[in-house]
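What follows is a single structure, written as structure tokens, with notes after it.
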Amino acid sequence: MTLWIVNGNIWDEEAGGLRTAHIRIEGGTIAGIVRDGEPDTSGAETIDASGLLVSAGFIDMHAHLRDPGFTHKEDIASGTRSAARGGFTTIACMPNTRPVTDTPETVRYILDKAAREGVVNVLPIAAITKGQLGRELTDFAALRAAGAIGFSDDGVGVQSARVMKEAMIRARELGLPIIAHCEDASLVEGAWATEGAFSRRHGLKGIPNESEAIHVGRDVLLAEATGVHYHVCHVSTEQSVRLIRLAKSLGVRVTAEVCPHHLVLSDEDIPGMDPNWKMNPPLRTPRDVQAVVEALEDGTIDIIATDHAPHAEEEKAKGVELAPFGIVGFETAFPLLYTTFVRTGRWCLGFLLRKMTSEPARVFGLKAGRLEPGAPADLVLVDLGLEQTVDPAKFLSKSRNTPFAGRRLAGWPVRTIVAGRTVWRAD
């Protein structure tokens with residue numbers, strides 16, 4: 001069956017702007033793009049995308065689906081629907097589940113459940129160490145054979161340099177990345193906000209920037225020694241940026257991601273003791289925000305990832321000291337960044353699209369993320385002029401933990417297509 005998406009606006013890299021095009025889809029693949037003239041759509045299903053941006057579907061290489069074990073927060077069905085509403089067609093899920101994703105059986109559970117109940121592509125990331133305890137490596141080869149696309153102990157940093165180096169050697173041999181949550185545990189205990197204006201004003205112990213940067217520095221040295229692809233999760237500090245930039249200049253195979261909230265918010269924006277502003281890494285200082293924005297712009301940081309981290313309302317209601325770290329991110333990511341950076345003229349639309357599509361695909365060797373013949377027909381249609389207020393009650397995620405409630409944003413996805421099939425559309 002042939003599907004045509006007609007009259008859509010696609011980003012033209014050479015022209016540096018949008019142009020009208022018609023996209024032909026067959027068998028779940030982009031079969032052709034007509035940029036001039038009218039296509040012959042007789043006998044085919046058509047979607048009229050007049051006035052809408054048509055882009056390759058967004059790719060999120062850092063998310064938490066909480067399945068297995070924490071399905072009161074999120075599960076594969078709800079998480080992938082939430083991702084689809086945000087325009088994401090491929091997501092990678094982190095291993096801090098229960099049981100931890102540290103065996104082939106758990107990897108297969110995720111893939112099987114995603115095939116049955118999910119609506120977007122799900123890529124499991126397996127744990128570096130058994131139980132994420134930082135002591136004994138998992139069976140990397142068996143996990144890769146089961147379908148894992150990389151290894152991370154996200155949620156906790158690997159504290160032992162010896163264990164991390166052994167992990168890098170093993171991952172390099174298998175051609176898979178180490179995806180690192182960088183955090184020195186000895187510097188963060190008993191704190192939830194960064195060392196900055198907010199923590200000083202409220203008399204709180206602060207989380208210092210060094211807690212992240214120490215592990216970045218250690219790990220880029222180990223990556224240089226081992227030759228592994230080393231990917232830094234949720235970069236948030238000026239010091240980390242400096243270290244990654246230096247490592248790249250020396251030819252170390254390092255890539256990095258940044259989250260929308262670390263690009264948009266600082267600790268000075270935190271309104272008070274609200275658990276929906278508690279995340280890990282914490283919101284940093286305005287100087288750190290400037291550093292990560294500039295690092296994304298100059299290529300030091302390669303991609304944007306949401307770190308979608310759902311938690312149940314009753315868990316966040318325990319107050320900031322006891323509430324878990326994390327915020328949801330799928331459904332606000334694109335409009336938040338489009339409104340903040342593209343509408344204001346700081347970024348061109350093409351830059352934001354690349355950081356959410358083709359660049360994640362390049363970094364992780366995926367076939368997705370391209371709007372061209374032969375690529376998967378994983379697409380998102382976005383109404384760039386549509387303005388809406390963030391309303392957590394309307395989220396498709398099971399969780400509502402966001403600091404962006406009530407914010408007016410533009411550029412909302414209105415239809416998401418995976419393998420040529422609509423998996424979500426706005427009412």
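We count residues from 1, following the sequence as given. These values consider heavy atoms only, across backbone and side chains, with no hydrogens, waters or symmetry-generated copies. Keep in mind the model is a prediction, meaning the values are calculated, not measured.
- The shortest non-hydrogen separation linking Thr90 to Ala368 is OG1-CB, 4.2 Å.
- The shortest side-chain heavy-atom distance between Asp288 and Gln239 falls under the 4.5 Å cut-off.
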Go through the steps for Asp302 and Lys248 under the test salt bridge (charged side-chain N to carboxylate O under 4.0 Å, His left out), then give the verdict.
CA-CA 11 Å; Asp302 300 85; Lys248 285 193 168 190; 2.8 Å; yes
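- Aromatic ring pairs are classed by plane angle as parallel below 30°, tilted from 30° to 60° and perpendicular above 60°; the pair Trp347 and Phe341 is parallel.
- Between Arg85 and Pro413, the closest side-chain pair of non-hydrogen atoms is not below 4.5 Å.
- Listed for the Arg343 side chain is no donor-acceptor partner under 3.5 Å among the backbone atoms of Ala410.
- Side-chain contact between Ile47 and Ile417: present, with at least one pair of heavy atoms (C-beta onward) separated by less than 4.5 Å.
- Contact check on Arg287 versus Glu238 returns a salt bridge, with a Lys/Arg side-chain nitrogen under 4.0 Å from an Asp/Glu carboxylate oxygen.
- In this structure, Ser211 contributes its side chain and Pro208 its backbone to a donor-acceptor pair below 3.5 Å.
- Counting heavy atoms of neighbouring residues, nucleotides and ligands inside a 6.0 Å radius, atom CZ of Arg425 does not exceed 12 of them.
- Counted by atom type alone, Ser199 and Glu195 present zero donor-acceptor pairs between their side chains at under 3.5 Å.
- Within the 3.5 Å criterion, the main-chain N or O of Asp12 finds no donor-acceptor partner in the side chain of Glu14.
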Start with the C-alpha distance between Asp36 and Arg19, add both sets of side-chain angles, then the distance that settles salt bridge (charged side-chain N to carboxylate O under 4.0 Å, His left out), and finish with yes or no.
CA-CA 10 Å; Asp36 298 299; Arg19 65 178 298 175; 3.3 Å; yes
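- Using a 4.5 Å heavy-atom cutoff, the side chains of Asn9 and Leu384 are not in contact.
- Ring centers of Phe88 and Trp424: at least 6.0 Å apart, outside the cut-off.
- Atom CD of Glu372 and atom CD1 of Ile30 lie 7.5 Å apart (nearest 0.5 Å).
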Is there a salt bridge (charged side-chain N to carboxylate O under 4.0 Å, His left out) between Glu331 and Lys394? Walk through the geometry before answering.
CA-CA 10 Å; Glu331 298 178 51; Lys394 296 180 180 178; over 6 Å; no
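- Interatomic distance, CG of Asp153 versus OG1 of Thr129, reported as 3.5 Å (0.5 Å rounding).
- When the ring pair (Phe, Tyr, Trp, His ring centres under 6.0 Å) test is applied to His62, the partners found at least two apart in sequence or on another chain are His64, His234.
- Atom CZ of Arg66 and atom OG of Ser78 lie 11.0 Å apart (nearest 0.5 Å).
- You'll find the side chain of Ile179 stays beyond 4.5 Å of the side chain of Asp154, heavy atoms only.
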Just do the side chain to side chain donor-acceptor pair (under 3.5 Å) check on Thr255 and His229 with the steps written out, would you?
CA-CA 8 Å; Thr255 57; His229 173 197; 2.8 Å; yes
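- Between Val100 and Thr106, the closest side-chain pair of non-hydrogen atoms is not below 4.5 Å.
- Between Val235 and Val241 there is a side-chain heavy-atom pair separated by less than 4.5 Å.
- Although no hydrogens or angles enter the test, the distance criterion places no donor-acceptor pair under 3.5 Å between the side chain of Thr71 and the main chain of Asp67.
- In this structure, CD1 in Ile110 is found 11.0 Å from CG in Leu123, a value given to the nearest 0.5 Å.
- Between the side chain of Arg245 and the main chain of Thr300, no donor-acceptor pair closer than 3.5 Å is present.
- Between Phe334 and Tyr338, the ring-plane angle classifies as parallel under the 30° and 60° cut-offs.
- Proximity of Ser397 to His308: side-chain heavy atoms (C-beta onward) are separated by under 4.5 Å at one or more points.
- With sequence neighbours left out, Thr2 forms a side-chain hydrogen bond (donor to acceptor under 3.5 Å, both in side chains) with Glu26.
- Ion pairing of Glu13 with Arg354 is present here, as a side-chain N (NZ or NE/NH1/NH2) and a carboxylate O approach within less than 4.0 Å.
- Taken to the nearest 0.5 Å, the CZ atom of Phe58 stands 13.0 Å off from the CZ atom of Phe330.
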